[in-house]
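Reviewing the structure listed below.
Lettering of chains follows the sequences in order, A, B, ..., and the numbering in each one begins at 1.
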Amino acid sequence: MAARFNPLEADARWQKLWEEQGTFHASGDGERPRAYILEMFPYPSGRIHVGHVRNYVMGDVLARYKRMKGFDVLHPMGWDAFGMPAENAAMENKVHPGAWTRSNIETMRAQLKLIGLAIDWSREFATCEPDYYGHEQALFLDLYEAGLVYRKQSEVNWDPVDMTVLANEQVIDGRGWRSGAPVERRKLNQWFLRITDFADELLDGLGELDQWPDKVRLMQENWIGKSQGMRFRFDLAEPVAGEAGFEVFTTRPDTIFGASFAAIAPDHPIALALAEGNPALAAFVAECKLGGTTAAELETAEKKGFDTGARVIHPLDPDWPLPLYVANFVLMDYGTGAIFGCPAHDQRDLDFARKYGLPVTRVVAPSPEEADEPIGDEAYSGPGRLVNSRFLDGLTAEDGIREVIARAEAEGWGEGTTAWRLRDWGVSRQRYWGTPIPIVHCEACGPVAVRRDRLPVVLPEDIDFETPGNPLDRHPSWAKVDCPECGGPARRETDTLDTFVDSSWYFIRFASQPGDAPFDPVEAQRWLPVDQYIGGVEHAILHLLYARFWTRALQRIGRLDVEEPFRGLFTQGMVTHVTFQDSDGRWLTPEEAEGHDGPVTRGRIEKMSKSKRNTVAPEPIVDQYGADSLRWFMLSDSPPERDLEWSESGIQGSWRFVQRLWRLAAEEAGRGSSTWLGDDEDTGLDRKVHRAIAAVSANIEALAFNKAVANLYELTSALEKAPLSPSRSRGVETLIRLASPMVPHLAEEAWAAMGQDGLIAHAEWPAADPALLVEEEVTIAVQVNGKLRDTLTAAKGASREALEEMALASEKVARILEGKAPRKVIVVPDRLVNVVA
RNA sequence: GCCCCCGUGGCGGAAUUGGUAGACGCGCUCGACUCAAAAUCGAGUUCCGCAAGGAGUGCCGGUUCGACUCCGGCCGGGGGCACCA
């Protein structure tokens with residue numbers, strides 16, 4: 001028996017065996033209960049680092065555990081393979097995005113295989129292959145036909161040099177991140193998915209996701225942003241461009257008598273109409289269009305308005321005109337793009353009113369005496385009753401809201417309604433490396449869906465990135481097609497789909513992948529929803545919301561009867577590492593920093609990233625310490641939802657433990673556990689083993705891997721110290737089973753050495769014997785006035801009287817009591833006695 | 001600005017419903033083995049104190065026989081949203 005575990009030799013041997021035997025193939029035979037464990041699939045950016053490893057190892061432990069518990073486990077892996085970095089690489093290095101992506105996939109797959117993940121590789125796919133995106137096009141057309149896809153003009157950040165649309169994150173200080181050119185706002189025709197149709201369901205559905213972190217549910221709730229209020233009509237004193245008035249949205253209709261102005265967005269139709277005859281207003285509207293849409297810019301932007309000269313009529317008083325402003329802080333795409341200003345009770349309206357000398361009337365007062373208390377620099381948003389509000393006086397805000405809505409509905413000038421922060425999902429991207437939108441534009445017929453038998457619409461290979469802009473748009477022939485309806489000349493849509501579409505249904509494709517359809521609903525429904533989904537918090541909103549939407553949309557159109565895609569969600573922490581910079585601020589790898597001439601600054605400990613050059617590759621670690629040491633370290637110490645700092649001492653500690661475990665198992669195996677005939681003294685070892693079984697199981701189920709690791713350390717120490725006995729032999733065997741999801745290579749090796757048949761991957765998870773979990777003796781804490789003074793050992797279940805008597809017999813207690821009788825004695829059976837002096 | 005989370009040894013972190021704070025790991029100290037080192041093993045390691053003992057979970061206060069845990073108010077760190085009417 002080897003004294004040391006040699007991962008260099010053993011890891012590959014077991015990995016090969018697992019692969020040959022198809023050990024981790026999901027069978028779907030229906031004989032066992034199913035478990036679907038999924039980690040968010042990676043973007044093939046180049047190489048994986050240990051941060052990815054942590055993510056996949058967590059899912060792997062769970063998958064292996066579930067398999068041993070008797071589940072038919074689906075644990076797949078694939079590639080979120082469309083995206084901008086491939087196009088950037090194409091522009092920089094003159095490589096085709098496809099070649100770049102596929103070569104990265106090769107590399108990263110090989111890297112992942114080194115870790116020994118229990119993955120069903122037979123289901124692997126990449127979203128950039130027509131095999132996948134063709135089905136996505138079919139699903140897109142399903143939604144299109146169901147009316148869940150539409151086209152509209154929408155404002156985008158346009159980089160005039162690169163001739164491309166930029167995401168908000170790509171706009172830095174108002175300039176394109178790549179070209180440095182000032183970004184323009186431009187209106188383009190874009191495709192949208194009607195996610196707002198599902199706003200209510202998506203919000204309500206959060207209530208049932210009790211295996212999601214509260215934080216993520218809250219974030220989604222805020223993102224959806226439901227606001228209840230009312231919509232009502234302002235009549236204009238004089239019609240504008242044939243319009244007699246317009247609608248506003250408010251959450252505080254109760255403050256309607258505090259109104260002192262109305263304001264509309266710069267791009268509101270009324271504003272545009274008024275601007276036509278008013279050059280100063282036109283200039284103001286143009287000015288509002290300048291400036292980016294980033295948060296920082298909005299924060300510093302001054303609240304500005306322009307008095308149009310037009311007047312609106314107060315809905316509850318025909319003799320009360322209000323000035324109509326165009327204001328830069330009113331957004332066209334929230335509510336109705338128009339508001340009424342109530343300066344006394346809204347800070348922004350107050351600032352605006354003060355600036356333009358508008359009246360400020362208090363209509364809510366905390367007490368009757370304060371009804372005419374003037375408003376200072378701060379708007380009053382606290383509780384109170386309505387004042388100066390005619391028929392509303394004396395009502396609470398809630399009653400006032402109800403009253404105004406009731407009256408408006410009765411008189412027909414307004415109604416109770418709901419506004420959402422959530423907007424429809426714009427999915428058009430002016431890029432090459434994405435799923436082509438399967439639509440053809442015909443001059444005669446307008447936009448027409450590509451015929452199903454012509455799918456997939458495949459990306460052309462012969463493209464060039466020499467000139468800026470979308471290569472699909474410039475391609476000499478690709479876009480030229482005949483109209484599917486009239487056969488006349490037509491042009492393909494050259495925009496591609498947002499890559500978030502690709503990741504909105506990949507988990508369905510993993511569950512079922514027929515060649516002629518996106519999925520088989522019956523087979524997919526057997527696996528879905530995903531039992532445990534694991535990934536980074538950075539996807540808490542967009543990806544998870546889009547996937548929830550897509551699933552519900554498929555349900556609505558009758559394609560798949562699943563409501564929520566992910567039953568359990570776990571957001572894991574990052575792996576962090578120190579960063580280094582040289583005197584010019586260039587990032588250095590830790591190795592470079594060590595051998596660098598000149599000053600080196602040791603920076604913050606940060607999330608591993610390519611740009612900060614602080615990533616740690618798995619290969620050298622696996623070469624030196626083996627996959628199991630790496631896996632063990634990724635699970636140790638830090639709670640999985642928090643960040644884990646990479647450290648050399650950490651991986652070394654893991655290596656030590658792996659060897660310790662091996663020694664323990666190998667010694668036992670060398671002796672022949674089954675033939676050991678020594679005395680089986682009851683040292684309490686069996687109890688320790690069974691407590692460990694219960695604890696490790698519970699902690700894995702709760703994804704508290706750091707605690708499961710601590711349990712295994714404890715059990716290992718206890719077994720090492722225990723005298724040789726059958727109990728110890730059984731204990732070691734149990735330990736190996738319990739540790740096997742974390743250190744599978746070592747576990748297989750030890751399992752074989754112990755003479756066990758078959759793979760430990762197929763072995764049963766040990767069951768804790770309830771009889772052995774019950775303590776016979778317990779340690780009782782003895783307190784005086786809540787301070788620990790002594791401990792004593794008592795039989796489990798000892799009576800209150802007996803415990804009290806034992807506690808009072810304690811010398812230490814007696815010394816503190818100094819002969820005085822205790823005032824009171826609190827006894828918590830099996831736990832403590834508190835003597836109150 | 002609004003919403004949320006977190007503050008425990010030198011470090012990462014444990015601590016069912018309020019019931020022995022510091023499990024487990026890292027690091028460190030001492031010791032064993034060794035010519036020596038590595039590896040390994042043993043002991044110790046919250047702070048003050050030789051000890052007896054005392055203090056202690058960011059700070060202040062409260063509830064309770066008893067508070068890391070519950071409540072109120074501060075301070076510090078992190079995250080999300082952000083002209084949302």
Side-chain angles (χ1 to χ4, degrees), chain A residues 3-4 213-223 225-227 229 248-252 255 263 265 293-304 327-331 333-342 345-349 351-352 419-423 537-538 540-541 632-633 636-639 641-645 647-657 659-660 663 695 698 704 706-717 720-721 779-792 822-837:
Chain A
R4 273 199 165 199
D214 290 342
K215 183 185 164 182
V216 174
R217 290 196 287 177
L218 193 69
M219 280 163 71
Q220 292 215 352
E221 194 181 315
N222 292 339
W223 185 264
K226 183 176 186 170
S227 286
V248 298
F249 174 76
T250 178
T251 54
R252 293 294 303 272
T255 63
T293 52
T294 64
E297 282 171 300
L298 293 174
E299 192 170 5
T300 50
E302 204 186 338
K303 313 273 174 285
K304 277 192 254 178
N328 65 348
F329 62 87
V330 180
L331 306 175
D333 53 0
Y334 181 77
T336 60
I339 61 164
F340 84 84
C342 177
H345 306 289
D346 180 286
Q347 191 60 44
R348 202 188 36 211
D349 291 349
D351 295 344
F352 192 83
W420 304 87
R421 212 193 75 95
L422 184 70
R423 311 285 159 79
V537 235
E538 66 273 21
I541 297 174
W632 186 257
F633 177 37
S636 305
D637 294 351
S638 279
E641 66 277 12
R642 281 198 224 167
D643 289 353
L644 169 72
E645 192 188 338
S647 73
E648 201 58 36
S649 56
I651 183 72
Q652 280 166 8
S654 297
W655 164 255
R656 276 202 295 276
F657 176 73
Q659 293 303 340
R660 233 175 108 191
R663 254 191 323 276
N706 58 323
K707 295 187 215 168
V709 160
N711 300 145
L712 290 169
Y713 269 116
E714 247 173 311
L715 180 58
T716 304
S717 293
E720 282 170 342
K721 291 189 181 106
T779 306
I780 305 290
V782 180
Q783 300 178 333
V784 178
N785 294 332
K787 258 193 199 342
L788 183 71
R789 296 298 177 179
D790 202 357
T791 57
L792 52 88
R823 276 203 292 145
K824 195 172 166 190
V825 178
I826 308 248
V827 180
V828 181
D830 296 335
R831 288 220 94 120
L832 61 69
V833 179
N834 187 15
V835 179
V836 184

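- Heavy atoms of A/Arg656 sit under 4.0 angstrom from primed sugar atoms or phosphate atoms, though from no base atom.
- Pair assignment for B/C11 gives B/G25, based on Watson-Crick or G-U wobble hydrogen-bonding distances that are each under 3.5 Å.
- Within the shown strands, nothing qualifies as a pairing partner of B/U17 under the Watson-Crick or G-U definition with both distances less than 3.5 Å.
- Each of A/Arg831 and A/Leu644 lies near RNA chain B, and the nucleotide nearest A/Leu644 is the one positioned closer to the 5' end.
- Applying the 3.5 Å distance criterion, the base of B/C84 shares no donor-acceptor pair with the side chain of A/Arg348.
- A/Asn222 places its CG atom 12 Å from the C1' atom of B/G79, with the value rounded to the nearest Å.
- Across all strands shown, B/C81 is found opposite B/G1 as a Watson-Crick or G-U wobble partner, with both distances under 3.5 Å.
- Glycosidic conformation, B/G9: syn, with the torsion inside 90° of 0.
- Residue A/Val836 is classed as a sugar-phosphate contact, given heavy-atom separations below 4.0 Å to backbone atoms only.
- Side-chain contact check for A/Lys215 versus A/Val537: some heavy-atom pair is nearer than 4.5 Å.
- Across all strands shown, B/U40 is found opposite B/A32 as a Watson-Crick or G-U wobble partner, with both distances under 3.5 Å.
- For the pair A/Val836/A/Asn785, a side-chain contact is recorded, criterion being any heavy-atom separation below 4.5 Å from C-beta on.
- Relative ring orientation between A/Tyr334 and A/Phe249 is described as perpendicular, the plane-to-plane angle rising above 60° on a 0-90° scale split at 30° and 60°.
- Searching all strands for a Watson-Crick or G-U wobble partner of B/G53 with both distances below 3.5 Å returns B/C48.
- In terms of phosphate contacts, A/Arg789 brings a side-chain nitrogen or oxygen within less than 4.0 Å of OP1 or OP2 of B/G54.
- Within the 4.0 angstrom heavy-atom criterion, base atoms lie near A/Asn834.
- Across all strands shown, A/Glu714 has heavy atoms under 4.0 Å from sugar-phosphate atoms exclusively, and none from any base.
- Between A/Arg348 and A/Asp351 there is no salt bridge, since none of the side-chain N atoms of the basic residue sits less than 4.0 Å from a carboxylate O of the acidic one.
- Looking at heavy-atom distances under 4.0 Å, A/Phe249 makes contact with a base.
- Heavy-atom nearest nucleotides on RNA chain B were determined for A/Phe340 and for A/Arg421, and the one closer to the 5' end corresponds to A/Arg421.
- Among the heavy atoms of the strands lying under 4.0 Å from A/Val330 is at least one base atom, whether or not backbone atoms are also near.
- Distance alone, capped at 3.5 Å, places no donor-acceptor pair between the A/Asn834 side chain and the A/Ile826 backbone.
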